[in-house]
Amino acid sequence: MNAKHITEITIENFRGFGHLELKGLQAVNLIVGQNNVGKTTLLEALTAVAAPTLIEKMPGMFRANTGNVQDRFFRWLLADTSSNAQIIATTPTGEYRTTMAHGDLPGRAEDYGRRMSIGQYNLGWSPNRESLRVRIISVQHRSPSALVPSFADTVRSPESERLMETLLSKVDSRIRSVRLDYAEQEPFIALDIGLSERVPLAQAGQGIYRLVAIFSELLGLQPQVCMIDEIENGIHFTMHKQVWRGLAEISALLGIQMFITTHSRECMEAAQYVFYDEDKESKRDLAVIQLMRVRDRVIGKVLDETSVEGALENHIELR
C-alpha cells in the first residue's frame, strides 16, 4: 500500500446503495457477488470520489448507454427519493469526499474546494486536494485503433515494453514481441508469434486482445487507481493465474491500486491461489469484497484469507 491507496470507503445514497461502508481495502481488490448487487456501481462510486470530474463522462464508461443521458443515466445517480449523496474515501494522507445534491449542496461553502453542475445535480468535492489519476477498463470491447495511444506509451519505455512482452509470453508462449506497425499510414499493434510476418492484434484472439488492452492501460498510462470491470471477459479460465500474477507484479512495481469485478468462480479461485497459496512471504496484497442483497438493501464486507477460503468451500454465489 502507498499514501494514495484508498483504505476505506463510505457510500451514502448513491445509485443502489443506501449505506455501504468497506474497510481494509488493499492494493488489489476483487469485487464479487450475484448480479444486480452493485459491483459496477461500486466502481462508479470509487471513480466519483477519486476523480470527480470523470462523473460527467460516466455514461458509457462502464455501461452501454444510448439516447438522452440526462434521463437514462444521470437522473439515477442518487438513490431513489434521496435529495443528496455522499462518497468518502480514506487514504493514509487524508479523506477524499464527493457530494452531489438536487439543489443546494449541504453544509458550508468552504466545505467544497471545487463545484460543478451536471444536469439536475450540483456536485462538490474536498478542498485542497488533487484528484487521483484514474483509468477505466470496462467490459466493452475497444477498437484496435483506440488501444494504440496507451500501447505507444507502454513501448516508449524499454522497461515497460519488456515487462509487457514478458507478461504476454507467460500467457501464450508463442508471443516473442509486440510492436507498433503501419499500414496506409494507420498505426496498429502487431505480435510476433513465430510466423513469417507479425500478426495484427485483432487476429490474435480475444484473450490476448483483452490482456494487451489491460496491460497497455496500466503500463503505458500508469494511473494511481485502475477499475477493471469483469476481468474474466474474453480470457480463458486456464489463463487466470497468469493474469493475476501479472496484475500483482504491475501493482507492486508501479504502486497502482486496482478494483476488479468478476462473475467467475474460476477467476476468484485463481486469485486466491496466486495471492494466498503461492505467496508464501505475504508480499502480495489482496482484498475480496463481497456484495450481497439482504431484503431491499445491499450490504458488503471485506473478506480476509480465511473468509475467502470459507466462502469458496461454501460455494459463494458470483452470478
Side-chain angles (χ1 to χ4, degrees), residues 1-2 4-12 14-50 62-63 87-92 96 98 132 134-139 214 223-233 240 243-244 247-248 251 256-276 279 282 284-294 297-319:
M1 299 288 288
N2 66 34
K4 295 297 184 181
H5 283 180
I6 297 169
T7 57
E8 302 178 13
I9 186 168
T10 301
I11 304 169
E12 300 281 352
F14 180 76
R15 293 179 71 83
F17 295 141
H19 174 83
L20 181 68
E21 188 173 351
L22 299 170
K23 298 182 178 182
L25 305 178
Q26 298 294 329
V28 179
N29 302 274
L30 179 60
I31 305 165
V32 302
Q34 295 181 354
N35 286 331
N36 301 316
V37 295
K39 296 187 294 297
T40 302
T41 296
L42 179 54
L43 296 185
E44 291 174 330
L46 286 158
T47 301
V49 73
F62 292 102
R63 311 166 192 264
I87 308 165
I88 304 170
T90 302
T91 73
Y96 288 67
T98 296
L132 298 175
V134 175
R135 293 300 297 180
I136 311 300
I137 303 175
S138 77
V139 70
I214 292 172
Q224 293 166 308
V225 181
C226 183
M227 317 294 178
I228 306 177
D229 203 10
E230 296 186 23
I231 180 69
E232 76 280 3
N233 187 270
H240 287 172
V243 172
W244 283 118
L247 294 176
S251 175
I256 300 173
Q257 187 174 29
M258 303 179 189
F259 293 90
I260 303 167
T261 71
T262 186
H263 285 286
S264 165
R265 179 181 177 86
E266 293 89 353
C267 187
M268 184 175 173
E269 289 174 339
Q272 178 203 22
Y273 180 83
V274 169
F275 282 90
Y276 297 146
D279 184 24
S282 300
R284 297 169 176 166
D285 296 325
L286 173 72
V288 175
I289 302 167
Q290 183 183 13
L291 299 178
M292 64 199 85
R293 188 173 295 278
V294 177
R297 67 189 186 99
V298 175
I299 64 172
K301 56 184 178 180
V302 180
L303 307 179
D304 58 18
E305 181 175 352
T306 301
S307 299
V308 171
E309 292 175 353
L312 286 170
E313 289 175 0
N314 287 288
H315 303 289
I316 182 172
E317 292 291 340
L318 300 180
R319 297 181 177 87

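The figures that follow rest on heavy atoms only: side chains count, while hydrogens, waters and symmetry mates do not. Along the sequence shown, residues are numbered consecutively beginning with 1.
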Side-chain donor/acceptor of E21 to backbone N/O of I11, under 3.5 Å: no

Criterion side chain to side chain contact (heavy atoms under 4.5 Å, CB included) on I88 and E12, from CA distance to verdict: CA-CA 9 Å; I88 304 170; E12 300 281 352; over 6 Å; no

Heavy-atom donor-acceptor pair, W244 side chain to Q272 backbone, under 3.5 Å: no

Contacts of type side-chain hydrogen bond (donor to acceptor under 3.5 Å, both in side chains), residue E232, not counting sequence neighbours: T262

Separation of R297 CZ from H19 NE2 (nearest 0.5 Å): 8.5 Å

Test item: K39 side-chain N/O and G33 main-chain N/O as donor-acceptor pair under 3.5 Å: yes

side-chain hydrogen bond (donor to acceptor under 3.5 Å, both in side chains) against E269, all qualifying residues, sequence neighbours excluded: R265

Whether S251 side chain and L247 backbone form a donor-acceptor pair below 3.5 Å: no

Residues, nucleotides or ligands: over 12 heavy atoms within 6.0 Å of D304 CG: yes

Trace of the side chain to side chain contact (heavy atoms under 4.5 Å, CB included) decision for L42 with L22: CA-CA 11 Å; L42 179 54; L22 299 170; 4.0 Å; yes

H240 NE2 to C267 SG distance, which is reported to the nearest 0.5 Å: 5.0 Å

Any donor-acceptor pair under 3.5 Å from T91 side chain to I6 backbone: no

Results of side-chain hydrogen bond (donor to acceptor under 3.5 Å, both in side chains) for Q224 - residues two or more places apart only: none

Stepwise side chain to side chain contact (heavy atoms under 4.5 Å, CB included) check, Q26 with L286: CA-CA 6 Å; Q26 298 294 329; L286 173 72; 5.8 Å; no

Derivation and outcome, side chain to side chain contact (heavy atoms under 4.5 Å, CB included), residues L132 and Y96: CA-CA 10 Å; L132 298 175; Y96 288 67; 3.4 Å; yes

Among N29, D229, N233, the one residue meeting side chain to side chain donor-acceptor pair (under 3.5 Å) with T261: D229

Under 3.5 Å donor-acceptor, T7 side chain and T90 backbone: yes

